[in-house]
Number of protein chains: 2
Amino acid sequence: MNGPAQRRITIKEVAEAAGVGVATVSRVLSGGSASAETREKVLAAAARLDYRPSALGRNLRRQRTGGIGLLVPDITDSFYARLADGVLSCARSYGEPVTVGVTGDDPEREAELIGTLIEQSMDRLIAVPSGDGDMWAPALRAGLNVVFADRRVRGDVPSVVPDDRAGVLTAVEYLAGLGHRKIAYLGRHAQSQRVAAFTAALDSLGLPADRDLVVHARSSRDSAYAAAAGLLQHRPDVTAVIAGGNVLGEAAVLAARELDVRIPRDVSLIMFDDVPWAELCSPPLTVIAQPAQDIGYRAAELVLRQGRRPPTVTLPTQLVVRASCGPRVASPRR
Amino acid sequence: MNGPAQRRITIKEVAEAAGVGVATVSRVLSGGSASAETREKVLAAAARLDYRPSALGRNLRRQRTGGIGLLVPDITDSFYARLADGVLSCARSYGEPVTVGVTGDDPEREAELIGTLIEQSMDRLIAVPSGDGDMWAPALRAGLNVVFADRRVRGDVPSVVPDDRAGVLTAVEYLAGLGHRKIAYLGRHAQSQRVAAFTAALDSLGLPADRDLVVHARSSRDSAYAAAAGLLQHRPDVTAVIAGGNVLGEAAVLAARELDVRIPRDVSLIMFDDVPWAELCSPPLTVIAQPAQDIGYRAAELVLRQGRRPPTVTLPTQLVVRASCGPRVASPRR
DNA sequence: ATGAAAGCGCTAACAT
DNA sequence: ATGTTAGCGCTTTCAT
């Protein structure tokens with residue numbers, strides 16, 4: 001068992017020990033004005049008693065918490081883990097605690113978690129939004145200071161996002177340069193930014209852009225695998241695929257192996273998000289690297305700085321060529 | 001900008017709206033006794049006003065928060081991310097918020113984060129401890145309800161850990177069965193459970209167990225790579241290595257490639273912790289799978305259930321044979 | 001420069 | 001069964 005609990009020292013006890021009033025203790029500890037002598041007495045007493053101001057008392061009085069809420073679809077996904085790491089890293093430098101919730105990309109769960117955060121009087125929130133614009137109205141009305149990360153939502157909430165448009169365009173151009181004409185995109189439909197960018201890129205290069213070329217998958221591993229396998233099976237004319245995230249990429253590699261589709265001989269693969277294993281994979285995966293940690297860090301800065309904030313920050317992505325893309329073979333696969 | 005903040009509804013307003021006293025509202029909302037009629041009036045008023053009880057007020061009054069603090073070395077490491085996911089998942093079912101901190105395996109940072117948690121009056125803490133036993137005395141004295149996860153520390157804090165002893169033994173036996181005699185362990189020195197189990201396993205099989213066969217690495221990727229490369233370079237007599245975690249395993253694969261050491265021809269590799277990419281790796285990695293998510297879940301159960309808790313829960317590991325281990329070759333490498 | 005006192009939203013003890 | 005009230009620890013007027 002854990003040792004016996006020990007009652008917490010309060011500001012009142014420090015005041016008594018220092019022979020001053022509680023207000024003076026409060027002032028000294030928060031850098032207010034006080035005579036050098038008093039200051040010293042207070043500090044000494046506080047140190048001696050190992051006094052820790054109670055955030056509870058302070059927050060209740062000030063009607064705000066300072067803490068940060070962070071909502072991600074899946075903390076197990078390397079991308080969101082790195083994003084969270086960025087938030088945590090920035091928050092730590094401000095000494096602010098961050099409360100993490102996993103939404104599973106489910107708007108309902110998201111709403112529930114927002115409820116919990118509001119109950120905690122959390123006043124800052126960084127979220128990778130699952131729901132659409134309207135879903136967020138209640139949170140904003142509750143006075144939450146919200147910043148979106150990774151995904152935008154229509155409305156005027158500040159966002160920090162990767163440059164999806166440029167990333168997709170780079171990928172498509174690279175693939176087109178290799179001779180590919182039937183290129184598919186595997187990702188969340190809802191990620192309309194990217195899907196739009198994808199079809200736009202296809203158009204601008206004069207490539208066919210039928211609707212079936214973008215394949216929807218939810219973010220779970222199972223869903224990703226099913227989508228990847230379906231694509232590979234039913235569309236032998238597709239010679240290149242862009243996976244919209246590392247989970248999708250992993251699923252694509254797995255499905256390809258299972259179906260005996262060779263990468264890059266039979267189909268070329270570009271994965272969004274560079275992860276450590278991309279290099280270890282066989283073949284090493286060509287990727288569009290995204291600054292996940294940076295996205296989180298910047299979002300935290302935005303939400304912590306009280307000043308007015310720019311509507312959207314877009315961070316660059318980068319094509320890292322490895323070995324999962326090859327020239328289009330003349331004949332369709334199989 | 002986010003919309004205009006809206007003042008929060010308080011219990012007093014609900015009481016007025018329902019035409020009852022505040023205590024009644026409190027009782028109804030927390031399942032106390034009340035007449036059906038009153039209950040209905042209160043519930044209606046609360047719903048109509050969209051009342052959210054303030055956790056701040058409640059916690060201050062009750063002198064505890066209910067929330068859970070979670071301290072992990074690195075949220076970017078798949079193992080800890082899955083562990084965190086387990087905690088989050090369990091906590092969500094109780095509606096409890098969890099505040100996450102990253103220690104970087106640094107006892108000092110850990111102490112700092114504990115301080116923040118105490119300031120928040122957080123009373124439950126799940127930690128993958130970095131510091132040793134003494135470090136934790138202050139936290140326990142502060143009345144924190146602590147459960148350790150993944151690692152034990154001497155003292156009487158309840159812990160949920162993988163069965164390291166069995167895992168290591170299985171790995172060593174498997175390797176010995178393949179003919180290997182010089183087996184190295186790559187991991188945190190501090191992880192004395194495993195290191196002890198490793199040397200014990202070596203002994204019990206009559207294998208040489210010189211001290212240099214366990215190689216220390218901190219948990220950062222750089223440190224892991226340096227350690228792996230050092231081992232591979234300076235100990236050509238070693239024909240098999242056990243990597244103590246997925247980051248170490250990744251480093252070992254990378255270092256081996258760099259040094260042109262072939263896996264499994266030149267050296268066999270077993271990695272602790274099964275991760276999705278282990279299968280995608282070339283060669284697919286043989287691993288000791290650890291129930292990371294379960295460890296987190298169970299730890300959360302322990303810390304949430306107020307009842308008396310068993311001192312230690314040990315969860316089984318499992319050998320998953322893939323293709324990174326082979327028979328020892330007759331002649332030493334190189 | 002410092003202290004006294006009000007009050008943040010809530011729960012629990014006590015009174016009715 | 002329900003209302004009244006004290007008080008959790010703190011910050012912030014308002015006096016002094």
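Note on naming: letters A, B, ... go to the chains in the order of the sequence lines (proteins, then strands), and numbering restarts at 1 for each one.
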Practice problem: Taking only heavy atoms on the protein side, list every residue of residues 26-58 of chain B lying under 4.0 Å from any atom of DNA chain D, sorted numerically. | Solution: B:R27, B:S33, B:A34, B:S35, B:T38

Self-check item: Under the salt bridge (charged side-chain N to carboxylate O under 4.0 Å, His left out) test, residues paired with B:D132 that sit two or more places apart
Solution: none

Quiz item: How long is the gap from CG on A:N145 to CG on A:L140, to the nearest 0.5 Å?
Solution: 9.5 Å

Self-check item: With B:D77 via side chain to side chain donor-acceptor pair (under 3.5 Å) - residues at least two apart
Solution: B:N246

Quiz item: In chain order, what residues pass the salt bridge (charged side-chain N to carboxylate O under 4.0 Å, His left out) check against A:D50, with sequence neighbours excluded?
Solution: none

Quiz prompt | With A:Q63 via side-chain contact (heavy atoms from CB on, under 4.5 Å) - residues at least two apart | solution = A:L60

Practice problem: Hey, which sits more toward the 5' end of DNA chain D by its nearest nucleotide, B:T24 or A:R62? | Solution: B:T24

Might you list the N or O atoms of the protein lying below 3.5 Å from N or O atoms in nucleotides 5-7 of chain D, with each pair's distance?
unit_1, atom_1, unit_2, atom_2, d
D:dG7, N2, B:R61, NH1, 3.4

Quiz item: For residues 46-74 of chain A, which residue pairs qualify under ring-ring contact (aromatic ring centres under 6.0 Å, His included), counting only residues two or more places apart or in two chains?
Solution: none

Quiz item: More than 12 heavy atoms of other residues, nucleotides or ligands under 6.0 Å from CZ of A:R218: is that the case?
Solution: no

Quiz prompt | Qualifying residues under ring-ring contact (aromatic ring centres under 6.0 Å, His included), relative to B:F148, sequence neighbours excluded | solution = B:W136

Quiz item: A:D105: what forms a salt bridge (charged side-chain N to carboxylate O under 4.0 Å, His left out) with it, not counting sequence neighbours?
Solution: A:R151, A:R188

Exercise. Could you list where the contact with chain B starts and ends along DNA chain C, reading 5' to 3', using a 4.0 Å heavy-atom cut-off?
Key: C:dG9 to C:dA12

Quiz item: Which atom names give the shortest non-hydrogen contact between A:P310 and A:P158, and what distance separates them?
Solution: O-CB, 3.6 Å

Practice problem: Please state how far atom CG in B:N59 lies from atom P in D:dC8, giving the value in whole angstrom units. | Solution: 16 Å

Self-check item: For A:T103, all residues meeting side chain to side chain donor-acceptor pair (under 3.5 Å), sequence neighbours excluded
Solution: A:S130

Quiz item: How sharply is the helix from C:dA1-D:dT16 to C:dT16-D:dA1 bent, taking the axes over five pairs at either end and rounding to 10 degrees?
Solution: 40°

Quiz item: Which of these passes side-chain contact (heavy atoms from CB on, under 4.5 Å) with A:V100: B:L70, B:V98, B:I75, B:L88?
Solution: B:L88

